[in-house]
Engineer: 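Can you keep this structure in mind? I'll have questions shortly.
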Amino acid sequence: MGERHAAPTAPELVIETDNGFTVLYPGRAYEVGRDPLCDIVFDDDRVSWHHAVLRADEGHWTVQDKDSTNGTYADGLRVRSWDVGAGSVLRFGGAADGPRAVLVERTAPAPGPSPPAAPEHPGPHVSVPAATGTFRHPASVRPRPARTVRIGRAADNDLVVDDLTVSRHHAELRSRPDGSYEIADTGSHNRTFLNGVPVTVAAVAEGDVIGIGHSDFCLIGDELQVYVDTGVVTLDVQELTVTVDRGRRTLLDQVTFPVPERCLLAVVGPSGAGKSTLLNALTGLRPADGGTVLYDGRDLYREYAELRERIGLVPQDDILHTQLTVRAALGYAAELRFPQDTRNEERRARVFEVIRELGLGHRAQQPVHRLSGGQRKRVSIALELLTKPSLLFLDEPTSGLDPGMDRSVMQMLRTLADGGRTVVVVTHSVLSLDVCDRLLVLAPGGRTAYYGPPDEALTYFGHERWPEAFEAFENEPDRDWAGDYAASEYHRRYVVDASAQPPPPAAPEPTPPAPPPAKPRSRSAQLWTLVRRYAAVLSADRTFLVVMIALPFVMGAMARALAGSALTRETALNALLILCVGGVLTGAANAVRELVKERAIYRRERAVGLSRSAYLLSKVVVLGTVTVLQAVVLTQIGLAGVRIDAPGGRGVLLPPLVELTLAVALLSFTAMMLGLLISALVSKEEVTMPLLVLLAIVQVVFCGALLKLHGLPGAEQLAWLVPSRWALAAMAATVGLGKLVPGTLTADPLFQHSPAVWLTDMGMMVVLSVLYGWLVARFLRRQEPSVMRK
């Protein structure tokens, strides 16, 4: 199902619509639909977002319907694939009154410019003589002396860019008195780029490329040429090499292959062949140590700051909060990925478009966890398609799916590629390789064993079935698979002759490190979105709600039973100990799983600009609020009706019950921060529960209620890091435990009934909370893609 190439003898045609005309040149396909980035756009609800495609094939033109809702009609007949030519009448969305297009032969140069030669920038190339208004195709602007050309998404700009990744007022092209120009970013959220480098204000020379969203602006003479990246791009991979252990071990060894436009490429190979390493290198998450990746002729690593916004990545693990509905999950993702000035209706419209494009309309209000494996994968892909990436990478999208779902997902990827994207999928499954255009087989050691059409791969390897081909890698470990392929006709045909780019220079300049991605929204806006999303996730988790509500009541009832009618010599120490244990369990149990279970989500969102501090603060705000409320309930129930005979009948600074409640609340909050630290440290969610039990035991042993810590070398210093040590001390100071229960255990200086001691005890829990939070942030950084580690 590879891309069909236009025959050189196909005639040039002109397609006339009510909106104007477009010249159809052999050699490329023309998209028809409601998407503003289509070649031929109809603003009519009956027309699908990607409705049909016109292309030349073997000397004639055909129109092909792309499974549109209301159909494509040629000469009055509803068609799926139909030969057309001069005189053909097409309608889209309705046989009688759908938007109409007429094909006529181009016997003379059509009005307007001829197609320009393909420059180094991506996208189709059509120039229209308009300096203002929304452009749906590449346009040109002729800046006048002493005039500023404003560029952005709002209608009051001189150039209106219909792209949600562009800010409403994004940048200005300014004319200087000497006749030169400069580009100035006007506080955009996704930044303005000059030749792939983010700039604030910079001079623009002729031939420079200004990148804004999916559009590139090139100053040619006194015209600003505009090129829109519609997704029809190529990828050229040249001699990628990745090594580890200071070069002693090679994971990728000079891997080279070209990926044409609208191509679906599958990457297969035995375990340890470097498939995931290749994916990280192609997406820029872990740049290769050597070699080049060319995005439509542009160096991906050198211009990564700009081009990363055009790359979508679907990891093997679902990047979804499964408790949310499909619409809610995509809605929150849109808030995080689009600029802050994007209106709610704009985000909702884009979410609806993606849901409809992937056939999820009837599942939009269902929680993600109720979907099948294939449907969940569709939602993960939908999340990446929100920003309309031109390159889409997927890591094991069919892992764990049955053969039917496997086929369905691969067919969907086929449709996405046909719709105008380049799709690369890493997979272990060989069931649906026939829907792919190209197949890359990696041999152990990260070498290219085969690259070419999937249906010719087994013939090349000399086997009838894939299991036998993979067994050959293990049975012939000394065979030079890469050398054999390099000497084959397949290499010449599908790599050497197919590559559109020249080979890399012998000694390329070192690639500068890419700057971190722009944050689509401010930290405060991200925090607000994350807080609302996290609160929605927790409120939809019934198990969490039950535990959250029941735990303080159970622990409070236990404390109340031990306290009796008053805190006396016999009951005081045990009651305070149970309050400590309850505070630790409520806080730590809330947080101990929260980071590790979202690790795949965090890594992906961090790679596209999520603020680490906003993410951590959202956990602290939501969990901290829940934890403090639980601690208040725990203390109030545990001490309800209990007489507290504090020295002088009062606490240190406040009423005794208030001080005890504050101590338990601060203990629970500190334990929550300690739970987050454990969650950031572990690699698997399954180990968090045993660690929670261990944490509770440590808190009991080192709190000072069972073991005399003061004056015990080593143990006393270790207890300084235990929150319950300071919480029990603060509560003991409030009730005057040393006088109430005389003895060596309660003679601890931290138990004294004095303001200085009580404030020290409380302050140390604050210090520990800050320390744990700082450590969590450091360990979160270790979990991020290497490109994000500044």
Side-chain angles (χ1 to χ4, degrees), residues 164-165 189-190 318-352 354-355 360 363-370 376 379-380 382-384 386-387 518-549 590-591 593-630 669 672-673 675-676 679 773 776-777 780:
L164 288 183
T165 63
H189 288 280
N190 284 337
D318 288 333
I319 48 177
L320 302 162
H321 291 91
T322 58
Q323 299 90 342
L324 299 177
T325 65
V326 172
R327 189 184 300 276
L330 295 179
Y332 285 121
E335 283 192 45
L336 291 172
R337 298 196 178 198
F338 290 140
Q340 189 172 344
D341 59 13
T342 307
R343 296 192 300 270
N344 290 336
E345 55 269 25
E346 292 178 301
R347 288 196 300 267
R348 285 194 295 265
R350 181 57 189 154
V351 168
F352 177 75
V354 171
I355 287 175
L360 293 167
R363 305 289 186 185
Q365 297 302 328
Q366 287 191 6
V368 174
H369 68 82
R370 294 185 181 176
R376 283 200 302 272
V379 180
S380 293
L383 190 150
E384 290 299 312
L386 287 171
T387 54
K519 297 176 177 59
R521 298 165 66 83
S522 67
R523 289 184 182 179
S524 59
Q526 286 191 12
L527 175 60
W528 174 236
T529 299
L530 291 169
V531 165
R532 290 188 293 111
R533 182 178 71 176
Y534 190 37
V537 169
L538 293 184
S539 61
D541 189 340
R542 295 182 179 178
T543 302
F544 177 83
L545 288 177
V546 171
V547 174
M548 178 184 67
I549 295 172
N590 288 342
R593 298 182 303 121
E594 293 308 301
L595 298 182
V596 65
K597 74 179 184 181
E598 291 186 358
R599 188 153 295 161
I601 299 174
Y602 174 70
R603 285 174 174 169
R604 182 56 193 147
E605 291 184 342
R606 179 74 175 125
V608 295
L610 178 69
S611 165
R612 184 191 308 133
S613 59
Y615 177 77
L616 179 54
L617 278 176
S618 71
K619 300 294 184 186
V620 173
V621 169
V622 177
L623 288 177
T625 301
V626 171
T627 299
V628 168
L629 290 176
Q630 287 177 303
F669 184 88
M672 179 207 73
M673 297 300 298
L676 288 177
S679 190
V776 171
L780 275 178

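The analysis underlying the following values was restricted to heavy atoms, covering all of them including side chains, and did not include hydrogens, waters or symmetry mates.
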Engineer: For a 4.5 angstrom cut-off between non-hydrogen side-chain atoms, does Val608 reach Thr387?
Structural biologist: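 They are not in contact (no side-chain heavy atoms under 4.5 Å apart), so the answer is no.
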Engineer: Restricting to non-hydrogen atoms, name the atom on Thr165 and the atom on Asn190 that form the minimum distance, rounded to 0.1 Å.
Structural biologist: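 Closest approach of Thr165 to Asn190, heavy atoms only: O-ND2, 2.6 Å.
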Engineer: Kindly give the heavy-atom pair with the smallest separation between Leu320 and Ser380, and that separation in Å.
Structural biologist: CD1-OG, 3.5 Å
Engineer: Let me confirm one number: the CG-CZ distance from Leu360 to Phe352, rounded to the nearest 0.5 Å.
Structural biologist: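 If I round to the nearest 0.5 Å, the distance is 12.0 Å.
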Engineer: Where is the tightest heavy-atom contact between Met673 and Gly773, given as atom of each residue plus distance?
Structural biologist: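 That would be CE-CA, 3.5 Å.
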Engineer: Which is it for Arg532 and Glu335 under the salt bridge (charged side-chain N to carboxylate O under 4.0 Å, His left out) test, yes or no, and what are the steps along the way?
Structural biologist: CA-CA 11 Å; Arg532 290 188 293 111; Glu335 283 192 45; 2.4 Å; yes
Engineer: Checking Glu594 against Leu538 for the side-chain contact (heavy atoms from CB on, under 4.5 Å) test, could you report, in this order, the C-alpha distance in whole Å, the side-chain angles of both residues, the deciding distance, and whether it holds?
Structural biologist: CA-CA 10 Å; Glu594 293 308 301; Leu538 293 184; 4.2 Å; yes
Engineer: Hey, are Tyr615 and Glu605 close enough side-chain-wise for a donor-acceptor pair under 3.5 Å?
Structural biologist: no
Engineer: Does the side chain of Leu623 reach to within under 4.5 Å of the side chain of Leu676, using non-hydrogen atoms?
Structural biologist: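 Yes, their side chains come closer than 4.5 Å.
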Engineer: Any heavy-atom pair between the side chains of Arg612 and Tyr602 that's under 4.5 Å?
Structural biologist: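 Contact flag for Tyr602/Arg612 side chains = yes.
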Engineer: For Ser611, is there any backbone N or O sitting under 3.5 Å from a side-chain donor or acceptor partner on Gln526?
Structural biologist: yes
Engineer: Roughly how far apart are Arg533 CZ and Leu324 CG, rounded to 0.5 Å?
Structural biologist: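 It is 8.0 Å, given to the nearest 0.5 Å.
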Engineer: Measuring from Leu610:CG to Ile601:CD1, what's the distance to the nearest 0.5 Å?
Structural biologist: 11.0 Å
Engineer: Determine, stepwise, if the pair Met672 / Gln630 fulfils side-chain contact (heavy atoms from CB on, under 4.5 Å).
Structural biologist: CA-CA 12 Å; Met672 179 207 73; Gln630 287 177 303; over 6 Å; no
Engineer: How long is the straight-line distance from CD1 of Ile549 back to CG of Leu629, given to the nearest 0.5 Å?
Structural biologist: 11.5 Å
Engineer: For the residue pair Leu545 and Ser539, what are the closest heavy atoms and their distance?
Structural biologist: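 Closest approach of Leu545 to Ser539, heavy atoms only: CD1-O, 3.2 Å.
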Engineer: Looking only at heavy atoms, what is the nearest atom pair of Ala334 and Leu386, with distance?
Structural biologist: N-CD1, 3.8 Å
Engineer: Quick one, Arg350 and Arg337 - any side-chain contact, counting heavy atoms below 4.5 Å?
Structural biologist: no
Engineer: Is the backbone of Gly675 close enough, under 3.5 Å, to the side chain of Ser679 for a donor and an acceptor to pair up by distance?
Structural biologist: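 No, because the side chain of Ser679 does not come within donor-acceptor range (under 3.5 Å) of the backbone of Gly675.
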Engineer: Using 0.5 Å steps for rounding, measure from the CD1 atom of Ile319 to the CG atom of Leu383.
Structural biologist: 5.0 Å
Engineer: Is any side-chain heavy atom of Arg599 less than 4.5 Å from a side-chain heavy atom of Val596?
Structural biologist: yes
Engineer: Between the main-chain N or O of Arg343 and the side-chain N or O of Glu346, is there a donor-acceptor pair closer than 3.5 Å?
Structural biologist: yes
Engineer: Taking all non-hydrogen atoms of both residues into account, name the closest pair between Asp541 and Gln323 and its distance.
Structural biologist: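 So the minimum-distance heavy-atom pair works out to OD2-NE2, 3.9 Å.
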Engineer: Walk me through whether Leu336 and Leu530 qualify under side-chain contact (heavy atoms from CB on, under 4.5 Å).
Structural biologist: CA-CA 8 Å; Leu336 291 172; Leu530 291 169; 4.0 Å; yes
Engineer: Please round to the nearest 0.5 Å and tell me the distance separating atom CG of Leu617 and atom CG of Leu527.
Structural biologist: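 Rounded to the nearest 0.5 Å, the CG-CG separation comes out at 5.5 Å.
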